[in-house]
Amino acid sequence: RELLNDSLIAKSGHDLKRQLQIANSQGISINGDLEDLLIAGYLVNAGLGDLELEDLSISYIQKIIPSWRNERGKTFSVFNLPPGLPDDIIAKICGARLEAVRQLKPKLWELMEKTGLNKLYHDVEKPLIRVLYKMERQGIKVEPETLREFGRSLKNRQSQLESDIYSLVQEEFNISSPKQLGVILFEKLGLKAPKKTKTGYSTDAEVLESLYDAHPVIPKILEYRQNVKLQSTYIDSLIVLIHPRSGRVHPTFNQAVTTTGRLSCTDPNLQNIPVRSEEGRLIRCAFVPPDSEQRLFSVDYSQIELRVMAHFSQDQAFKEAFLRGEDIHKFTAAAVFGVPVSEVSHEMRDRAKAVNFGIIYGISGFGLARNIGVSRKEADAFIEAYFSKYPGVKQYGEELIARAKQTGEARTLLGRIRKLPELSSRNFTLRSFAERMARNTPIQGTAADIIKKAMVSIDNRLCNNPELGKLLLQVHDELIFEVRGSEWPILAKIVKQEMESAVTLDVPLVVDFKLGTNWGEMTPVQLEG
DNA sequence: CCTGACTCC
DNA sequence: CATGGGAGTCAGG
């Protein structure tokens, strides 16, 4: 315990955030530098897939760590070994793991050094481990009764929809089975199947929306599906995850999953709680601050990915739009459609927005056409007009791919690496995927770098003064805090300062604030002056 | 255990 | 020739 507490002694291990949680549950705090092989392995090769100690050991020191397996050959996690396992076996497994840590550490640190990842590790990922640990331990309060009540109304609607659907198709079947639904729609009712999957007819939302008016059962099926999803994922499962003592859900933020450097979130995934649909948004209303004095406070980066693209591409027009504080989608629409900004219609803006996002993802005319519901030819024309207005963006995309082909990897602003060996594949599809990743990863990944760096700085500002507010969640371009309602402007100033100056780009970084008594009803707020 | 469906940025 | 990036969870099969 003394050693673990000693802040002058660095701690090496694998998945140290987990170790912090386990130690904390035993009333032990672990201080000192964290040298985490999981994070190092992730930075060295994020695309590797499994980064368990066993996997790193095979890849980097060519050693197999002994493990205990069940009858079917499945390995037990060391954190969940079967009860009654003899001590000498446990000792053998743990000893081998410790030895693997000892040998892996210099290997991985050397690889980080060689590939220029040291700074990213030390300045961002390492301090972020403790930030995420605190967020997980803090959790966010959820009102189970709000969820249950919404669940009851969903259940009623559900039975209504079921009987409507059965009577419309004159048959009872499992609406949740895409296989059975396909047979009903495309054989019994004789609707024309617009596309197929590997295993049969596709019945996804895109297909059903294209058939919206073709039969009165279609809208009911769409609503049924939305209902089932809300009920199973966002009501039933969420209630189970409320901790009985804290009244909160305590998600796990995974720092070593995504290929681009983003975080991911599980148990529950609070990065995909519904927000777009009115019904779905009701789920958010169950997420609340701990008492009536406090509020939830959200701060999100405005258009961070497009700003990153403006910076990297150095496109004059694109940069100017942000420097002048324009609405970027409106500005793009005006440029592409050749009208003044004041005459841009909603539809023009929506289409320009789709092109802006499409560009980030490595768009094709085909994909854009499908997305905004125009012909392939029209979509091609949009893209051409876009590139003629933003020639720097076009050139940047081409340069990115050329550069990535030379090095076999894509890099972000802070030097995060994604290996892309498929860039030299002779298979067109594989190569095209890699090319889109080469375009997208520097943008998505740089945005991830920026918010991670901001989280670390914010934590530094708040840690000596926890009454200012508590960071609860990160949703890719957004941070959510608990704050004493009357004091949100103090928190806002700190968070704004740290988020907007996390890095310096050639265009400004801008954040927006929202405040509310629950996560579903947040109102935009601004600092005075 | 995989697939296809839905949810998010 | 196939066709926008990154995730997680669920039910069905």
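Order of the sequence lines sets the chain letters (A, B, ...), proteins ahead of strands, with each chain counted from 1. Heavy atoms only: backbone and side chains are in, while hydrogens, waters and symmetry mates are out.
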Between [X] and [N], does any side-chain N or O lie under 4.0 Å from OP1 or OP2?
X	N	result
S264(A)	dG8(C)	yes
T203(A)	dA5(B)	yes
Q180(A)	dG13(C)	yes
R439(A)	dG4(C)	no
S364(A)	dG4(C)	yes

### Task
From the options V308(A), V510(A), I450(A), D512(A), select the one residue that forms a side chain to side chain contact (heavy atoms under 4.5 Å, CB included) with Y301(A).
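Answer to the side chain to side chain contact (heavy atoms under 4.5 Å, CB included) test with Y301(A) among V308(A), V510(A), I450(A), D512(A): I450(A).
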
### Query
Taking DNA chain B as the partner, which of residues 420-428 of chain A come within under 4.0 angstrom of it by heavy atom?
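Residues of residues 420-428 of chain A that come under 4.0 Å of DNA chain B do not exist, since none gets that close.
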
### Query
Under a 4.0 Å heavy-atom cut-off, which of residues 272-287 of chain A touch DNA chain B?
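The answer is N272(A), I273(A), P274(A), V275(A), R276(A).
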
#### Entry: Donor on one side chain, acceptor on other, T259(A) and Y42(A), under 3.5 Å
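Their side chains do not contain a donor-acceptor pair, so the 3.5 Å distance test is not met.
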
### Query
If we ignore angles and hydrogens, is there a donor and acceptor under 3.5 Å between the side chains of Y121(A) and D36(A)?
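No, no side-chain donor-acceptor pair sits under 3.5 Å.
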
Measuring from the side chain of [X] (C-beta onward, heavy atoms only), which nucleotide among [options] has the closest atom?
X	options	result
S177(A)	dG4(C), dT9(C), dG12(C)	dG12(C)
Q226(A)	dG5(C), dT7(B), dA7(C)	dT7(B)
R262(A)	dC9(B), dA7(C), dT9(C)	dC9(B)

### Task
Tell whether Q444(A) reaches the base of dG5(C) with its side chain through a donor-acceptor pair below 3.5 angstrom.
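A donor-acceptor contact between them is present.
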
### Message
Check for me: is Y361(A) stacked on dG4(C) by the 5.5 Å centroid and 30° plane-angle rule?
### Response
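Stack criterion not met.
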
### Query
So do H311(A) and R307(A) actually touch side chain to side chain, heavy atoms under 4.5 Å?
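Heavy-atom side-chain distance check fails, nothing below 4.5 Å.
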
### Partner set under salt bridge (Lys or Arg N to Asp or Glu O under 4.0 Å) for E187(A), not counting sequence neighbours
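Salt bridge (Lys or Arg N to Asp or Glu O under 4.0 Å) list for E187(A), sorted by chain: empty.
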
